[in-house]
Amino acid sequence: MVHISVAIGRFFEALFFAIVRVAGVVTGVVLGVVLAGAILFLTARWLIVRGRRK
């Protein structure tokens, strides 16, 4: 009976860490997209302002 309990505990532990890993990857991708979008927005704004001055 103890072996089944340990197996179930390890299964849920592995499941928990898999969910945390996926959540971490998704968070990293979302932050990367937001950062890239902000850089592109600021670059475009800077180029438009620079073009109007001339």
Side-chain angles (χ1 to χ4, degrees):
M1 196 68 183
V2 173
H3 299 292
I4 294 173
S5 175
V6 171
I8 292 172
R10 288 191 178 180
F11 170 76
F12 282 111
E13 179 185 9
L15 183 65
F16 172 75
F17 282 115
I19 291 170
V20 169
R21 183 179 303 143
V22 169
V25 169
V26 169
T27 302
V29 169
V30 168
L31 288 176
V33 168
V34 168
L35 182 63
I39 290 172
L40 285 174
F41 173 76
L42 292 174
T43 303
R45 200 174 90 177
W46 179 72
L47 288 173
I48 290 171
V49 168
R50 186 174 172 218
R52 285 185 184 167
R53 279 194 230 152
K54 290 185 177 182

Once side chain to side chain contact (heavy atoms under 4.5 Å, CB included) is applied, do any residues pair with I19, and if so which ones, sequence neighbours excluded?
L15
Path from W46 to V49 over hydrophobic side-chain contacts below 4.5 Å:
no
Please table the atom pairs, donor to acceptor, closer than 3.5 Å between any side-chain atom in residues 21-44 and protein atoms at least two apart or in another chain.
from	atom 1	to	atom 2	distance (Å)
T27	OG1	A23	O	2.8
T43	OG1	I39	O	2.7

Side-chain heavy atoms under 4.5 angstrom apart, residues restricted to Ile, Leu, Val, Met, Phe, Trp, Tyr: same cluster for I4 and F12?
yes
